[in-house]
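Structure, as structure tokens:
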Amino acid sequence: MKTKILSIAALSLLTIGVTSCGENFLEVQSKTEGTTGNYYNSESAASRALIGCYDGWQRTVSNGPTFAFQYLSELLSDECFGGTGNNDARNSAVVDRFDMGEDNSQQNLHNTLWESYYAAIYRCNELIQNENNITWTSDATHGQLIGEARAMRGILYFDMVRVFENIPLLTVPSTENVPQAPVDDVYEQIFADLKYAAENIPANAYPKASSSTNDGRITCYAAKAMMARAYLFYNGVYGKEPQTVTKAEVLQGLEDIINSGEYSLVPLYKNLWYCASTQWEGSDQLGWKEVSTYAGEDNVENILTMKFNYTSDYNGNAGGNNAIQMFSVRGGTFKAPYGQGWGGATVPKNFYNSFPSGDQRRDASIIDLAGEGIEATDAYQKAILDQREYTGFFNKKYTARSGYHQSESGSWSLTHYWDGLMAGDFQISQPIGYTLIRYADVLLMAAELGSSNAQSYLNQVHNRAYATENADGTVSTPNMTVALTQANIMEERRLEFAFEGIRYWDLLRQGVNVAAQAIVASGEKVLNGGNEATVTFKAENITSKRGFQQIPLTQIQLSNGVLKQNAGW
């Protein structure tokens, strides 16, 4: 691990454009280059360093870990199987089934993920450590920049501790080979960071009304919402109250978001997602037109979105959402707006069928290849032969996109959405962002934590799921009441946040046995290379590991055994 941290330190220096000088008496003060000793001396330097922190956070996906956090979260849940190609390595099956018996060679499933997270944490630590060396023009600016860095560090550690549980805790840019910290210590740091951000990032720092100033930045409201998510998970898994923040403070933070007037539910659920709200009309002879009611990534409901861009290349520039390809339909580009991918995270038919009649979230969340007419095409029937754990259903919220493009000669063709329209390679340059927190989540978390308005909050989310659009463009929303019970809140969360990387953690916080039972129950018949097979899970594979993932073997070896493997792996 020390070797990796040293390389992370070097990466951090390169990010902010600084170099170190010689040794001892040979050192001289550079007149043209910055060093870590003189770089952090102004707000502009701090702002540039903060951009480096955001870049580090983005790279936890853009660096191309086989299982980026959002993708991993789906494979672990009961709403997706491992999928991918019929002849691909069985690493997805190892993760999906919590079973090394699927492929004993997969000892480093999460090494790139681990390295990328600690590289991002290093960047945040360096900025935070130097906050007192910076000349701040105001307390507000100080709180805003350091608050964002601390919130980011809190989010990074929250992801890591949920995946691995037993992780090193570094709060300074250190190269020390440190052992894994007590899990309570990690959570207290998470709460401390998010609480600082919630209290110190000004409420008007990034007004929602101006998305150009809000583009992916962490607000005080995002920090308050993420703190509630961390509280519910920590309290559920460990049965403890944190020392840093109280339940009442967490709930008040959610009420602050609701009362801010900054956010509301998008009236039609499908408009939250591009592929659910977009179709292409026309023909190759007459031309094609994109028709969409998509509300956009910066819509009034999205509180925090992890942003990406389309400028990635194979020369070290990483900024695309690489994980999108894993979610997407395997075999080619068959119908706009769905693009080509690697066929991971196939959706069980039982999950598709579990949505109540009239619930608009099913068709907004899931691509039904038969219903879309894709499955019936000869080209796709051939593609099925290369697909493992084929069910006929894929994630619609996070899938690669396609569209019709007119060439210089005037002819139209169906192509990867970004090819010809923007730039980049479809495999690494997907600019589709991850929505990490929505206003609907805030409402349901507040209801779960016992808000006096809990009934109203639950009803709002439930009723929106059954809203329909009228011929004149208005929206009709029913006025139903759902019994205010913990079971109903959790069921609403299951349907509302399908494929948003939330379900597995909601299961685990109810108990590892609850998670195991739900995952085991999701098993069903599938097609492997066109041949019928059955996906089965063993509860003991999940419970023996307490629902957590393996520590990468490379990290254990680099630490000279200071890091210990998690139980069951």
Side-chain angles (χ1 to χ4, degrees), residues 40 42-58 120-121 123-132 134-159 171 188-231 242 244-246 249-263 297-298 300-307 433 435-439 441-442 445-446:
Y40 294 95
S42 66
E43 284 182 358
S44 61
S47 181
R48 290 194 299 273
L50 181 62
I51 291 171
C53 294
Y54 275 103
D55 177 69
W57 184 31
Q58 180 191 72
I121 289 167
R123 296 184 186 190
C124 295
N125 283 343
E126 191 161 67
L127 173 55
I128 295 165
Q129 185 185 54
N130 283 281
E131 67 175 304
N132 293 329
I134 297 166
T135 301
W136 302 100
T137 59
S138 69
D139 291 341
T141 304
H142 179 191
Q144 178 178 327
L145 294 180
I146 298 302
E148 287 178 69
R150 290 193 62 170
M152 217 175 310
R153 183 174 67 180
I155 293 169
L156 288 161
Y157 270 126
F158 185 37
D159 287 353
T171 57
E188 291 302 336
Q189 185 62 53
I190 292 167
F191 290 123
D193 281 341
L194 293 174
K195 185 175 182 179
Y196 178 95
E199 294 175 348
N200 287 279
I201 300 176
N204 63 354
Y206 303 110
K208 188 66 175 177
S210 176
S211 62
S212 62
T213 63
N214 185 297
D215 196 18
R217 303 299 285 258
I218 299 173
T219 64
C220 66
Y221 301 121
K224 290 176 180 181
M226 192 61 76
M227 185 160 60
R229 185 176 291 174
Y231 173 88
T244 308
V245 66
T246 66
E249 289 175 315
V250 170
L251 176 57
Q252 184 57 55
L254 296 173
E255 300 285 16
D256 291 345
I257 299 169
I258 295 166
N259 294 328
S260 71
E262 290 274 309
Y263 307 97
E297 284 186 358
D298 298 309
V300 72
E301 184 166 339
N302 289 357
I303 294 173
L304 179 60
T305 301
M306 190 179 189
K307 295 287 188 172
T435 297
L436 302 184
I437 303 173
R438 292 195 281 115
Y439 184 65
D441 199 0
V442 169
M445 287 192 294

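Numbers here are sequence positions counted from 1.
Here OH of Y40 is found 10.5 Å from CZ of R48. Values are rounded to the nearest 0.5 Å. Annotation: the span from D159 atom CG to W57 atom CH2 amounts to 8.5 Å, rounded to 0.5 Å. Rounded to the nearest 0.5 Å, atoms CG (L127) and CD1 (I146) are 4.0 Å apart. Taken to the nearest 0.5 Å, the CG atom of L254 stands 8.5 Å off from the CG atom of D441. Distance check, rounded to the nearest 0.5 Å: CZ of R150 to CD1 of I201 gives 11.0 Å. In this structure, S138 OG and E43 CD are separated by 6.0 Å, a value rounded to the nearest 0.5 Å.
N200 contributes a side-chain N or O that, together with a main-chain N or O of Y196, makes up a donor-acceptor pair within less than 3.5 Å. Here the side chain of K195 pairs a donor or acceptor atom with the backbone of T244 at under 3.5 angstrom. Side-chain atoms of E262 never come within 3.5 Å of backbone atoms of P207 as a donor-acceptor pair (strictly under, hydrogens ignored). Looking at N130, its side chain does come within 3.5 Å of a backbone N or O of E126 through a donor-acceptor pair.
By the 4.5 Å heavy-atom criterion applied to side chains, L50 and M152 are counted as neighbours. Put simply, the side chain of L156 reaches to within 4.5 Å of the side chain of C124, judged on heavy atoms. Using a 4.5 Å heavy-atom threshold, the side chains of H142 and I134 count as separate. Put simply, the side chain of M226 reaches to within 4.5 Å of the side chain of I155, judged on heavy atoms. Within the 4.5 Å cutoff, the side chain of V442 has no heavy atoms near those of the Y263 side chain. Taking the side chain as every heavy atom from C-beta outward, Y54 and K307 never approach each other to under 4.5 Å. Using a 4.5 Å heavy-atom cutoff, the side chains of I128 and R153 are in contact. Residues T305 and L436 are not in side-chain contact: their nearest non-hydrogen atoms beyond the backbone lie 4.5 Å or more apart.
Considering all non-hydrogen atoms of both residues, Q144 and A205 come closest at OE1-CB, 3.6 Å. Closest approach of A446 and I258 over heavy atoms only: CB-CD1, 4.2 Å. Residues G147 and A197 approach most closely at O-CB, 3.3 Å, considering heavy atoms. Nearest heavy-atom pair across A46 and W136 is CB-CH2, 4.0 Å. Counting all heavy atoms, side chain and backbone alike, S260 lies closest to I257 at OG-O, 2.7 Å. When all heavy atoms of L304 and G216 are compared, the closest pair comes out as CD1-O, 4.2 Å.
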For this session: Please report the C-alpha distance between D256 and K224 in whole Å, then the side-chain angles of each, then the deciding distance to 0.1 Å, and finally whether the side-chain contact (heavy atoms from CB on, under 4.5 Å) criterion is met.
Result: CA-CA 9 Å; D256 291 345; K224 290 176 180 181; 3.1 Å; yes
For this session: Applying side-chain contact (heavy atoms from CB on, under 4.5 Å), run through M227 and I190 and close with a yes or a no.
Result: CA-CA 8 Å; M227 185 160 60; I190 292 167; over 6 Å; no
Exercise. Could you walk me through whether V250 and M445 pass the side-chain contact (heavy atoms from CB on, under 4.5 Å) check?
Worked result: CA-CA 10 Å; V250 170; M445 287 192 294; over 6 Å; no
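Side chains of Q189 and D193: a donor on one and an acceptor on the other come within 3.5 Å. Residues E297 and T435 bring no donor and acceptor atom of their side chains to less than 3.5 Å of each other. Using modelled atom types and a 3.5 Å distance limit, the side chains of S44 and S47 yield no donor-acceptor pair. For the 3.5 Å distance criterion, the side chains of E148 and Y206 qualify, holding a donor opposite an acceptor.
Heavy-atom neighbours of N259 CG from other residues, nucleotides or ligands within 6.0 Å: above the threshold of 12.
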